[in-house]
Amino acid sequence: MSEPEHRTEILPPDAAGIARAAAVLQAGELVALPTETVYGLAGDARNPQAVAAIYAAKGRPALNPLIVHVADLAAAERLADLPPPALRVARAFWPGPLTLVAPLRAGHALAPAVTAGLPTVALRVPAHGLARAVLDAFGGPVAAPSANPSGRISPTSAAHVLAGLSGRIAAVLDGGACPVGLESTILGVKDGAPVLLRAGGVSAEALTEVLGAAPMAGGGGQVTAPGQLPSHYAPRAPLRLNAQAPAADEVWIGFGPDCAGAELTLSATGDLNEAAARLFAVLHEADAMGRAIAVAPVPERGLGVAINDRLRRAAAPR
Ligand code: TXA
Ligand code: MG
């Protein structure tokens, strides 16, 4: 990661904060923005220096391309050629927690490092009011990976952003907690057929309903979105999955009413939407306790699929 060089400004969630965030982008500097999924580390996607600064602030490998955020479908279509299945889901789920990977369009004007040299670009229209207001005020495409040091837990509050990136970025716009709490679902298209590259805030069941068939799983378990590395979202402490009870000295993270004795819970009632919204905050909190972490089983349906994906990567050998 780059050396600290800023006093990171904390911007209020009002007209002044939005205007300042847009001015930071205009100046080619970085501002962390709340979205409905997680906080994104935003920079002008057309400015090579701003894009380079995103990789440097996160310590992100240059081979891992960024998601470009735009105001609406029309803006997305100026950057990429969306094939029919992508258009269908864009109309159903944008603005919202869905990212589409599609071939770049000639004359797109994005800095080459945004796509890590790939002929495709990942695009998303966020739903969060503050993200939308900044996109409108800025008026251009914004590259934004999750606003955490590469490989660590994603941020769902301004405090999480500052814990990881304070001093490395110009500002954070404080919009409180992110309502979805998990990153966007990433969908690509291969030979005309939709391919699920990352489970996320839009469930596979919801995509299937719109597409009329389940999307193919991305490459049979292989890494298809370049950022889908086995170890990711990692707390500092070791993490154990499917724990019916804690071992001595473990922090137990429960799910559902059977885990009444747990120190922390994703959802006391067993609600998967609540568990998704709380997942990263609970992992940050458990990590701060400085003990090993054990997590109760989470069912593999709806947002549970994306929750288990993140937990497996958090538990993976590093
Ligand atoms: O919800 C989200 O998606 C958040 C918010 C801020 O929008 N962003 C986010 O970005 O999760 P990040 O950088 O943490 O994850 C982006 C993922 C990476 O796994 C990356 O490899 C993949 O998107 N990606 C980006 N461009 C791609 C492309 N052209 N083809 C395949 N995968 C791509
Ligand atoms: Mg990330």
Side-chain angles (χ1 to χ4, degrees), residues 30-43 45 51 54-55 57-70 79-80 86 93-104 108 110 112-128 130-132 134-135 141-156 160-161 164-165 172-173 175 178-190 195-202 218-219 222-234 276-277 279-280 303 306 309-310 313-314:
L30 307 184
V31 55
L33 297 178
T35 82
E36 70 277 26
T37 59
V38 301
Y39 276 70
L41 180 54
V51 172
I54 293 176
Y55 285 94
K58 281 183 62 90
R60 183 179 178 104
L63 287 175
N64 188 1
L66 309 177
I67 295 175
V68 175
H69 298 67
V70 290
L79 300 175
F93 297 107
W94 277 355
L98 174 75
T99 294
L100 296 171
V101 174
L104 277 165
H108 56 75
L110 297 174
V114 168
T115 62
L118 294 174
T120 54
V121 60
L123 294 167
R124 178 158 109 79
V125 177
H128 196 290
L130 289 169
R132 298 186 62 73
V134 174
L135 282 172
V142 165
S146 53
N148 52 282
S150 189
R152 314 296 313 190
I153 305 167
S154 296
T156 53
H160 295 160
V161 172
L165 296 175
V172 53
L173 180 57
C178 300
V180 176
L182 286 176
E183 295 86 347
S184 59
T185 299
I186 305 182
L187 195 78
V189 178
K190 198 178 168 214
V195 182
L196 187 61
L197 299 176
R198 177 175 76 181
V202 173
Q222 281 168 345
V223 176
T224 43
Q228 293 292 78
L229 305 174
S231 171
H232 208 117
Y233 311 102
L279 175 68
F280 291 134
L303 291 191
D309 168 78
R310 304 304 186 269
R313 291 177 209 281

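Every number for a ligand or one of its atoms is a count from 1 in the order of the listing. In this chain, residues are counted from 1 in sequence order. This structure is a prediction, so every number in the text was calculated from the model and none was measured.
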Return the CD1 to NZ distance between Ile54 and Lys58, rounded to the nearest 0.5 Å.
9.5 Å

Among side-chain atoms of Asn148 and Arg152, is any donor-acceptor pair under 3.5 angstrom?
no

Working note: His108 + Val121, criterion side-chain contact (heavy atoms from CB on, under 4.5 Å); need CA distance, chi angles, decisive distance, verdict.
CA-CA 10 Å; His108 56 75; Val121 60; over 6 Å; no

Nearest 0.5 Å, what's the OG-CG distance between Ser184 and Leu197?
10.5 Å

Between Thr37, Thr185, Leu118, which one has a non-hydrogen atom sitting closest to atom 28 (C) of ligand 1?
Leu118

Taking only non-hydrogen atoms of Ala144, do any sit less than 4.0 angstrom from ligand 1?
yes

Please work out, at 4.0 Å between heavy atoms, whether the side chain, the backbone, both, or neither of Glu36 comes within that distance of ligand 1.
neither

Can you list the ligand 1 atoms lying under 4.0 Å from a non-hydrogen atom of Thr120?
28 (C), 29 (N), 30 (N)

Shortest heavy-atom approach to atom 16 (C) of ligand 1 - which of Ile67, Val180, Leu197:
Ile67

Just wondering, is there an N, O or S atom on Asn148 that's nearer than 2.8 Å to the Mg ion (ligand 2)?
no

For ligand 1, which is the ligand I care about here, please tell me if Lys58 has any N or O atom under 3.5 Å from one of the ligand's N or O atoms.
no

So if I count the atoms of ligand 1 from 1 in the order they appear, which ones are less than 4.0 Å from some heavy atom of Pro145?
10 (O), 12 (P), 13 (O)

Any nitrogen or oxygen of Arg198 lying under 3.5 Å from a nitrogen or oxygen in ligand 1? Just yes or no.
yes

Nearest-0.5 Å distance, OG1 of residue Thr185 to CG of residue Leu100
10.0 Å

Ligand-side contact atoms (ligand 1) for residue partner Ala122, heavy atom cut-off under 4.0 Å
25 (C), 26 (N), 27 (C)

When rounded to the nearest 0.5 Å, the distance separating CG of Leu130 from CG of Leu173 is 5.0 Å

With distance as the sole criterion, is a donor-acceptor pair present between the side chains of Ser154 and Glu183 under 3.5 Å?
yes

May I ask whether Thr115 has any heavy atom positioned less than 4.0 angstrom from an atom of ligand 1?
no

Which atoms of ligand 1 have any heavy atom of Ile186 under 4.0 Å away?
17 (C), 22 (C), 23 (O)

Check the pair Val70, Trp94 against side-chain contact (heavy atoms from CB on, under 4.5 Å), reporting the backbone distance first and the verdict last.
CA-CA 10 Å; Val70 290; Trp94 277 355; 5.6 Å; no

A student checking ligand 1 against Gly40 at a 4.0 Å heavy-atom cut-off should list atoms 6 (C)

Looking only at distance, does Asn64 have an N or O less than 3.5 Å from an N or O of ligand 1?
yes

Does ligand 1 come near enough to Tyr39 that some N or O of the ligand is less than 3.5 Å from an N or O of the residue?
no

Between the side chains of Thr37 and Arg124, does any donor sit under 3.5 Å from an acceptor?
yes

What I'd like to find out is whether the side chain of Tyr55 reaches to under 4.5 Å of the side chain of Leu66, using heavy atoms alone.
yes

Which atoms from ligand 1 have a heavy atom of His69 less than 4.0 Å away?
5 (C), 6 (C), 7 (O)

